[in-house]
Amino acid sequence: MSGVVLNTSIASFALNDRPELERYQTMMNKAEVASKIRDYVKGRHPGGVSLKVVGEGIQQVTDWWRVPVRPSAWSEKRYAYYEDLAVIEEELKSREHLNVLIATDEPAIECVA
């Protein structure tokens with residue numbers, strides 16, 4: 001077996017390789033998950049609102065993370081808002097191999113944007 005190099009980077013396994021994916025996700029901590037999500041929501045305005053990641057509310061549930069976000073206000077375009085969140089979740093899964101559920105928290109203000 002000499003001369004064989006095993007590449008164990010995150011890019012070396014497929015999304016359907018659950019044991020390896022689960023091992024990678026357990027190596028991440030809440031701060032790293034929050035940082036990745038903040039990078040993805042920065043500059044985006046799903047449904048016309050901005051989002052703030054609530055870092056202290058992040059929870060790991062088996063092989064996925066529940067990540068609460070606080071919108072700046074309730075979006076008048078709710079369908080577009082939730083559709084945009086789903087796109088962000090899919091991007092995180094495909095690009096970062098991070099399985100998340102973005103959960104909406106109460107908005108910063110109670111008006112409709």
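When a residue number appears, it is its place in the shown sequence, counting from 1.
Taking NZ from Lys52 and CZ from Arg38, the interatomic distance works out to 8.0 Å, rounded to the nearest 0.5 Å. In this structure, Leu51 CG and Ile37 CD1 are separated by 10.5 Å, a value rounded to the nearest 0.5 Å. Taking CD from Gln59 and CH2 from Trp64, the interatomic distance works out to 8.0 Å, rounded to the nearest 0.5 Å. Atom CG of Asn99 sits about 4.5 Å away from atom NZ of Lys93, to the nearest 0.5 Å. Residue Glu96 holds its CD atom at 3.5 Å from OH of Tyr40, rounded to the nearest 0.5 Å. The distance from the CD atom of Glu89 to the CG atom of Leu98 is 10.5 Å, given to the nearest 0.5 Å.
Residues Val49 and Ala73 come closest through the heavy atom pair CG1-O, 3.4 Å. Arg66 and Pro68 get closest at one heavy-atom pair: O-CD, 3.6 Å.
Panel note: side chain Ser50, backbone Ser72; no donor-acceptor pair is recorded below 3.5 Å. Judged by distance alone, with hydrogens and angles left aside, the side-chain atoms of Glu32 form a donor-acceptor pair with the main-chain N or O of Asn29 at under 3.5 Å.
Following chains of ILVMFWY side-chain contacts shorter than 4.5 Å, one cannot reach Tyr79 starting from Tyr82, and the two form parts of different hydrophobic clusters. Placement of Leu92 and Met28 within a single hydrophobic cluster is found when ILVMFWY residues are connected by side-chain heavy-atom separations under 4.5 Å, directly or transitively.
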- Query: Passes side-chain contact (heavy atoms from CB on, under 4.5 Å), Glu106 versus Trp74? Steps please.
  - Reply: CA-CA 8 Å; Glu106 289 296 315; Trp74 286 120; 3.9 Å; yes

- Message: Assess the residue pair Leu85 and Thr104 against the criterion (side-chain contact (heavy atoms from CB on, under 4.5 Å)); give the C-alpha distance rounded to whole Å, side-chain angles, the decisive distance to 0.1 Å, and a yes or no.
- Response: CA-CA 9 Å; Leu85 292 185; Thr104 300; 3.8 Å; yes

- Take Asp84 and Arg44 through the test side-chain contact (heavy atoms from CB on, under 4.5 Å) and record every step on the way to the result. CA-CA 9 Å; Asp84 292 345; Arg44 288 189 165 172; over 6 Å; no

